[in-house]
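We name chains A, B, ... by the order of the sequence lines, and we start the count at 1 in each one.
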Protein chains: 2
Amino acid sequence: MTDNSDHDICETRCVHESVVNDVRERMYPNGLLLDVAELFKVFSDHTRVRILHALSFSELCVCDLAIALDMTSSAVSHQLRVLRSAKIVKFRKEGKNVFYSLDDRHISSLMQAGIEHVQEG
Amino acid sequence: MTDNSDHDICETRCVHESVVNDVRERMYPNGLLLDVAELFKVFSDHTRVRILHALSFSELCVCDLAIALDMTSSAVSHQLRVLRSAKIVKFRKEGKNVFYSLDDRHISSLMQAGIEHVQEG
DNA sequence: CCGTCATTTGAACATGTATTCATATGTATA
DNA sequence: TATACATATGAATACATGTTCAAATGACGG
């Protein structure tokens with residue numbers, strides 16, 4: 001059985017204390033890292049990546065996107081909502097249509113970085 | 001009822017044909033974009049982001065990571081497995097310990113890009 | 001106004017996934 | 001060899017999430 005002195009989250013004793021302390025001090029706050037995960041989560045879905053990739057060429061309305069990606073407008077719209085809440089796309093209404101485009105040049109380059117990493121394999 | 005001529009995936013007719021065709025031609029293949037999504041998926045979890053962030057300072061063994069992040073070794077190990085399969089971390093065995101480190105400078109800069117985006121946000 | 005169409009929304013369903021717990025593997029040391 | 005310990009793994013659970021279907025909203029033209 002384990003002795004009761006260290007029944008904490010990590011029960012082991014292999015710690016390299018100085019290194020761990022150094023890392024703990026230098027780590028960014030948890031909230032920030034959570035936000036980073038949330039940001040990447042937006043890019044972590046096939047449909048959303050395809051939407052963003054398509055929008056990197058041209059602004060498009062929901063129906064255009066649906067056709068370009070062979071999906072229902074509903075599915076596309078649901079994902080656009082996610083992208084909107086993350087402030088990754090912006091939109092402009094024109095009559096019955098709603099045209100979406102990338103919100104930020106930054107986003108495009110993040111995507112591109114991902115694409116290049118995959119291509120280098 | 002809808003007429004039977006267009007009971008396809010997108011039933012609507014608002015298409016801006018030339019733009020859509022242009023986009024369809026220029027789009028990268030689906031498989032590539034799927035891989036991109038898979039890559040970002042690895043970065044889309046709080047725990048994994050914290051692990052990668054910690055490893056950006058120093059190589060660490062599983063137990064060090066568990067302590068630095070206040071988690072069980074088991075949970076950390078499970079996530080390290082995900083990172084290993086994605087070839088995002090590499091490891092080195094030394095006695096009872098297994099030391100993990102980032103596999104690639106590229107990874108570190110991708111993470112950094114995400115962090116900067118959030119910080120500017 | 002009424003009908004059509006583009007888009008949005010909500011609920012339901014199926015699928016994926018992160019953590020926990022228990023257990024297995026493997027390595028050093030007594 | 002037996003014990004202790006670092007790590008890995010499998011099953012189970014709980015929770016998140018993507019698509020579909022049905023219906024609502026909102027805008028235009030007749």
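Taking atom CD1 of residue B:I51 and atom P of nucleotide C:dA18, one finds them 11 Å apart after rounding to whole Å. The distance between atom CG of A:L83 and atom P of C:dT8, rounded to the nearest whole Å, is 12 Å. Rounding to whole angstrom units, CZ of residue A:R81 and C1' of D:dT17 are separated by 13 Å. Rounded to whole Å, atom C1' of D:dC5 lies 16 Å from atom NZ of B:K93. Rounded to an integer number of Å, the gap from CZ of B:F40 to P of D:dT17 is 18 Å. As a whole-Å value, the separation of A:L34 CG from C:dA18 P is 14 Å. Between B:F99 atom CZ and D:dT7 atom P the separation is 8 Å, expressed in whole Å. Rounded to an integer number of Å, the gap from B:E38 CD to C:dT17 C1' is 12 Å.
Heavy-atom minimum distance, A:M111 versus A:V49: CE-O, 3.9 Å.
Taking 4.0 angstrom as the limit, A:Y100 places none of its side-chain polar atoms (N or O) nearer than this to OP1 or OP2 of C:dA6.
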Practice item. For B:R24 and A:D70, run salt bridge (charged side-chain N to carboxylate O under 4.0 Å, His left out): C-alpha distance rounded to whole Å, both residues' side-chain angles, the deciding distance at 0.1 Å, then the answer. Key: CA-CA 10 Å; B:R24 291 191 80 140; A:D70 273 323; 3.4 Å; yes
Check your understanding: Does the side-chain contact (heavy atoms from CB on, under 4.5 Å) test come out yes or no for B:C61 and B:V98, once each step is laid out?
Key -> CA-CA 5 Å; B:C61 70; B:V98 179; 5.9 Å; no
Study note, to complete from the structure: Protein-proximity profile, nucleotides 18-30 of chain D, B/S/- by nucleotide at the 4.0 Å heavy-atom cutoff, equals SBBBB----SS--
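Here A:F91 lies out of heavy-atom contact (under 4.0 Å) with every strand.
The cationic group of A:R48 does not satisfy the cation-pi geometry with A:F43, failing either the under 6.0 Å distance to the six-membered ring centre or the 45° limit from the ring axis.
Using cut-offs of 30° and 60° for the angle between ring planes, the B:F91 and B:Y100 rings count as tilted.
More than 12 heavy-atom neighbours from other residues, nucleotides or ligands sit within 6.0 angstrom of NZ on B:K90.
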